[in-house]
Amino acid sequence: MLKKVLYSFLGIILLFIFAAMGISMMYKNEIKDLITKTANEKLQAHFQFEDASISLLRHFPNLSIEVENSSIIGKNEFKNDTLAQIPKLTIQIAPLAYLLDKNIEIQEVILEQAQFNLIILPSGLMNWDIYQAPPSDSPQEKTDQNMRISLNHYQLIDSKINYIDQMRGFSTQLVQLNHEGSGDFSKDIFTLNTSTEVEKLSFEFLDKTYLSEVKGKLEAPIEMNFAKMEFAFKNNDLYLNELPIHFDAWVAMPDTSIDMDIKFHALKSPLKDFLSLVPLLYQNSFQELQSSGDFALSGYAKGKMNGRSMPGFGMDVRISNGAFSYAKIPVGVKQMELDLQIDNPDGVPDHTIINLKKFQLYMNNQPIQANLFLKTPLSNPYLKASLKGVLNLGEIAKIIPQKNTQMSGTLQSDVQLDGYVQDFKQAKGKANGYFNARQIQYSNSETQQKINIKNAAATINPKSLIISTLEGNVANTEFVASGSLQNYVLYFLKNDKITGNLLLKSPLVDLNSLMGRSTTTATSTAADLQIPKNIDFTFQSSIGKLLFKDLVISQAKGVIHLADQVISMDDLSFQLANASWKSTGTFSKKDHQNASVNWAFNIQDLNIQEAHKYFSLVQKLTPIAAAAQGKVNVDFTYSGELNPDLSPNIMSTNAMGNMDLIDFNLKNSTSFNQLVSLTQWDQLKNLALKPTHLNFQIKQGRLQFKPFEVQTNLTKFQVNGSNGLDQSLEYTILTDIPAKTLQSGVAASLNQQLAKLNPNLNLEKIQQALKMQIMVSGTVQKPQFKVNVINAQGNSNSSVTTQAKELVKQEAKQQINKQLDEAKAKAESMKKEAEMLSQKLRQEAYANADRLVEEAKNPFAKIAAQKIAERLKKEADRKADAILEEADKKAQELIEKARQN
């Protein structure tokens with residue numbers, strides 16, 4: 001691995017050197033383009049940087065190259081991963097060495113605030129294996145073989161390394177890393193002197209944390225033998241917080257494998273050195289901690305590591321006669337004993353044996369004892385373990401004081417397990433005992449988190465962990481639960497999936513508090529919502545009241561299934577917005593993905609104004625509901641992504657369903673009243689709809705209705721159209737012309753004109769052959785209406801009908817022209833009134849200004865008065881012009897509105 005990292009790193013540096021030496025006299029853009037092109041030709045990755053500079057003066061006689069904000073992003077399997085992000089890279093080379101001897105002498109390489117993400121996939125593919133060596137017979141390869149490269153010093157300043165080995169199941173993170181090394185890399189055999197300090201070192205193996213944000217320090221001379229690719233660490237001391245660990249290591253890379261022989265130990269160190277690795281102790285007045293007893297550590301790693309195998313390893317940890325406490329706190333830990341052995345002779349993970357022979361301690365004279373023996377952890381774990389004792393959380397809070405945190409209550413257990421996990425699944429083997437919790441209280445004043453477990457009791461058998469009672473509250477949410485969990489052993493051992501069937505009752509579930517959101521806050525982020533991966537729980541639930549954002553859901557009952565980061569609900573019924581709901585569906589929140597939903601709803605007696613008040617989907621797609629009255633029954637399916645605040649993402653929403661309108665009216669709608677004014681159909685003000693059935697769908701941000709017919713107390717309407725997320729309207733409405741109900745307007749004029757045309761006409765028959773067509777366009781805020789009369793009988797040749805149609809068109813045109821004339825007259829009146837007001841304003845201001853000049857008594861006062869007078873006149877002119885401009889604007893808007901109607 002180290003060999004590949006070194007080759008990749010040196011390969012990248014060489015790219016800069018060759019490019020810089022070849023183009024040192026070019027312009028900056030040419031330098032940038034050439035370096036980028038050369039690097040991307042050499043790498044199986046995408047390289048880019050923001051800026052670069054070359055100088056012979058900064059570190060004369062050395063050539064100094066500085067590259068700002070460079071990055072390397074992987075390709076193929078690693079196309080979404082950034083291998084390196086380097087804000088500043090500085091390279092110093094000796095140009096004379098290259099010009100005279102064709103050798104590259106690198107004086108120094110410095111990387112500042114760099115971040116490296118090193119990843120090994122389960123297949124063994126490494127994201128840093130990116131350097132593409134040219135063919136062995138290429139001219140470049142031959143030149144490289146004859147060229148000598150030396151490196152004197154390198155340094156990483158305040159950098160970060162993330163290392164994730166998905167194939168072997170371990171990861172390491174180094175934060176605020178400062179590392180440097182110096183040596184003569186031109187030689188095959190030399191000593192590399194290194195110094196390393198890291199502020200936060202963390203290590204995980206098989207999803208278990210073994211080191212968490214530990215300080216590390218290492219001064220290590222390394223014997224380098226590039227001829228044999230062998231490297232030796234001898235007599236080195238690694239400090240982890242206060243714990244010194246002595247180690248010797250030998251590493252060889254003869255081929256793609258890595259051979260290693262590593263030994264380390266910390267023999268009979270004071271216990272306090274080991275306790276420094278416990279974050280809660282080290283970060284809380286560690287210097288005041290008093291301890292006694294001895295700690296001993298030894299271990300090894302020996303063998304070959306490659307894509308198929310890893311070395312054997314082992315570790316022994318012992319604590320004897322341990323005790324620790326704070327001087328000001330009487331409670332402490334005494335009689336601590338630990339004897340732990342981990343052994344894997346050949347590197348095969350399933351051959352690992354963990355033997356915790358003994359673990360005990362006394363806390364305030366209450367004993368806690370445990371032991372564990374584990375083998376074949378991957379194929380079929382064999383487990384022999386026991387845990388017995390009473391843990392008082394209040395005493396722990398005293399022994400390990402935590403800022404802003406308070407806790408109390410007791411945990412008690414007495415359990416024994418002995419057998420193979422596969423036998424446990426079949427109710428075989430030995431597993432018995434109990435867990436109890438009493439009056440557990442936890443609060444954190446900084447996060448405002450509160451947990452209260454009043455009572456919890458569980459027993460185990462080989463197959464199940466049986467929860468007889470679990471009663472408490474978390475963040476305003478109260479609950480009582482019972483049930484059973486299966487596969488609990490593998491879940492705690494290796495995070496395998498755990499299944500369970502539980503009965504859940506709660507008088508109140510406050511999702512706003514659970515998600516860190518107050519009921520008065522308008523936002524909540526789904527990014528903070530985490531659904532566990534390895535659980536498969538089924539809840540028979542009964543919830544009295546559930547709070548989410550501004551919604552209050554009550555009387556919720558149904559089956560909730562939680563598995564694979566998906567919450568499924570089956571036959572869920574509840575009350576919301578004074579309506580009855582039934583639903584079945586899923587809520588999904590996968591890692592690094594937006595939340596999504598897929599639901600089917602049946603809603604009865606939903607008040608239209610309540611729907612507009614609470615649901616953003618209604619507000620965005622049917623804003624007219626704000627002025628509507630009545631109730632609806634809805635039966636529909638809905639799917640789509642959610643925004644970070646868990647509101648619907650309208651453009652991804654797909655919905656389809658049926659709606660029944662009940663007691664629907666639009667008396668309070670300004671758009672509807674505008675239509676009444678245009679048609680002069682006053683009876684529309686008292687329009688009442690009979691129950692109406694609608695089919696609709698939501699797709700690509702538009703609410704679309706299939707053509708439907710509405711029966712009313714006046715006549716029937718045929719409607720077709722849609723409206724969108726952008727508030728646009730596209731509707732066509734056809735209706736009979738009910739002349740008998742109209743006392744004025746289009747139909748009344750039709751009756752009068754037809755009577756003059758032929759007194760013997762059957763007016764009712766002619767009216768049945770005509771329909772009023774209303775075209776609705778524009779937006780919800782500014783709708784546009786057009787009214788036409790069309791022949792409802794298709795290609796009718798009736799001359800009387802045709803004449804009637806034309807008469808109605810003329811009358812409608814006259815009505816529109818009348819409105820336009822009225823608007824123009826009102827506009828002229830507004831302009832005249834504004835002209836008079838502006839003229840009066842000017843006259844008064846000018847008179848006041850002239851009087852101010854006349855009243856000035858001396859020359860100096862008169863000059864000042866003249867300046868003030870000029871300013872008063874200019875201000876008066878500005879205000880007067882603004883009055884005229886505003887009046888003209890309003891007049892134009894009035895006329896334009898009349899034209900559109």
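Numbering of residues begins at 1 and proceeds along the displayed sequence.
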N594 vs S596 side-chain heavy atoms within contact, under 4.5 Å: no
With D343 via salt bridge (charged side-chain N to carboxylate O under 4.0 Å, His left out) - residues at least two apart: none
Partner set under side-chain hydrogen bond (donor to acceptor under 3.5 Å, both in side chains) for T191, not counting sequence neighbours: none
Working for side chain to side chain donor-acceptor pair (under 3.5 Å), residues S195 and E219: CA-CA 5 Å; S195 174; E219 302 285 338; 2.9 Å; yes
N/O donor-acceptor pair under 3.5 Å between N241 side chain and L243 backbone: no
Distance in Å, F116 CZ paired with N127 CG, rounded so as to fall on 0.5 Å steps: 11.5 Å
With K533 via side chain to side chain contact (heavy atoms under 4.5 Å, CB included) - residues at least two apart: Q565, D591
Separation between CD1 of I110 and CD of E66, rounded to the nearest 0.5 Å: 9.0 Å
CG on L493 to CG on N487, rounded to 0.5 Å: 9.5 Å
Those residues that, when tested against K304, pass salt bridge (charged side-chain N to carboxylate O under 4.0 Å, His left out) (two or more places apart): D259
Any residue meeting side chain to side chain contact (heavy atoms under 4.5 Å, CB included) with I164, in chain and number order, not counting sequence neighbours: Q166, S171
CA sep, side-chain torsions, deciding dist, call: K497, D564, salt bridge (Lys or Arg N to Asp or Glu O under 4.0 Å): CA-CA 9 Å; K497 181 177 290 187; D564 301 322; 3.0 Å; yes
Check against side chain to side chain contact (heavy atoms under 4.5 Å, CB included), T82 and I72: CA-CA 6 Å; T82 299; I72 303 174; over 6 Å; no
Partners passing side-chain hydrogen bond (donor to acceptor under 3.5 Å, both in side chains) against S379 (at least two apart in sequence or in another chain): D350
Distance-only polar pair, side chains of N162 and Q173, donor-acceptor under 3.5 Å: yes
Main-chain N/O of N649 paired with S652 side-chain donor or acceptor, under 3.5 Å: yes
Enclosure of Y491 OH (heavy-atom neighbours >12, cutoff 6.0 Å): no
Expected output: side-chain S123 to main-chain L121 donor-acceptor under 3.5 Å: no
By salt bridge (charged side-chain N to carboxylate O under 4.0 Å, His left out) - contacts of K228 (at least two apart): none
Aromatic ring pairing F274/F295, orientation class (parallel under 30°, perpendicular over 60°, tilted between): parallel
Non-hydrogen side-chain atoms of Y300 and F264 separated by less than 4.5 Å: no
Worked check of side chain to side chain contact (heavy atoms under 4.5 Å, CB included) between I222 and T194: CA-CA 7 Å; I222 307 173; T194 67; 3.9 Å; yes
Minimum heavy-atom distance between S182 and L192, given as atom pair plus value: O-CD1, 3.4 Å
Which residues share a salt bridge (charged side-chain N to carboxylate O under 4.0 Å, His left out) with D261, sequence neighbours left out: K263
Straight-line distance of I567 CD1 to L562 CG, nearest 0.5 Å: 5.0 Å
Nearest heavy atoms of P244 and A266, plus distance in Å: O-CB, 3.4 Å
Derivation and outcome, ring-ring contact (aromatic ring centres under 6.0 Å, His included), residues F231 and F233: CA-CA 7 Å; F231 312 97; F233 301 74; 8.4 Å; no
Distance-minimising heavy-atom pair for H46 and K75: N-CE, 4.0 Å
Spacing of CG belonging to L211 relative to CZ belonging to F203, to within rounding of 0.5 Å: 7.5 Å
Candidate pair Q85 and Q115, rule side chain to side chain donor-acceptor pair (under 3.5 Å), full reasoning: CA-CA 5 Å; Q85 186 78 42; Q115 181 168 324; over 6 Å; no
Under 3.5 Å donor-acceptor, N643 side chain and P648 backbone: yes
Verdict with reasoning, L125 to I120, per side chain to side chain contact (heavy atoms under 4.5 Å, CB included): CA-CA 6 Å; L125 195 62; I120 301 178; over 6 Å; no
Qualifying residue, where the test is side chain to side chain donor-acceptor pair (under 3.5 Å) with N69 and the options are Q48, E50, K88: E50
Donor-acceptor contact present, side-chain N117 to main-chain A84, <3.5 Å: no
Non-hydrogen atoms of K79 and I73 that approach each other most closely: O-CG2, 3.7 Å
For the student: nearest non-hydrogen atoms of L374 and P377, plus distance: CD2-CB, 4.2 Å
Sole residue of M260, K302, E230 in side-chain contact (heavy atoms from CB on, under 4.5 Å) with W250: E230
Separation between CG of L642 and OG of S588, rounded to the nearest 0.5 Å: 10.0 Å
D81 side-chain N/O to L83 backbone N/O, donor-acceptor pair under 3.5 Å: no
Greater than 12 external heavy atoms within 6.0 Å of Y239's OH: no
Tell me which donor-acceptor pairs under 3.5 Å the side chains of residues 174-181 have, and how far apart each pair is, sequence neighbours excluded?
from	atom 1	to	atom 2	distance (Å)
N178	OD1	D158	N	3.0
H179	ND1	T196	OG1	2.7
H179	NE2	Y154	OH	3.0
E180	OE1	H153	NE2	2.8

Side chain to side chain contact (heavy atoms under 4.5 Å, CB included) between S71 and F47, intermediate numbers included: CA-CA 6 Å; S71 63; F47 169 77; over 6 Å; no
Contacts of N152 that satisfy side chain to side chain contact (heavy atoms under 4.5 Å, CB included) - sequence neighbours left out: E105, Q107
Listed partners of D273 passing side-chain hydrogen bond (donor to acceptor under 3.5 Å, both in side chains), at least two apart: none
Those residues that, when tested against T352, pass side-chain hydrogen bond (donor to acceptor under 3.5 Å, both in side chains) (two or more places apart): N344
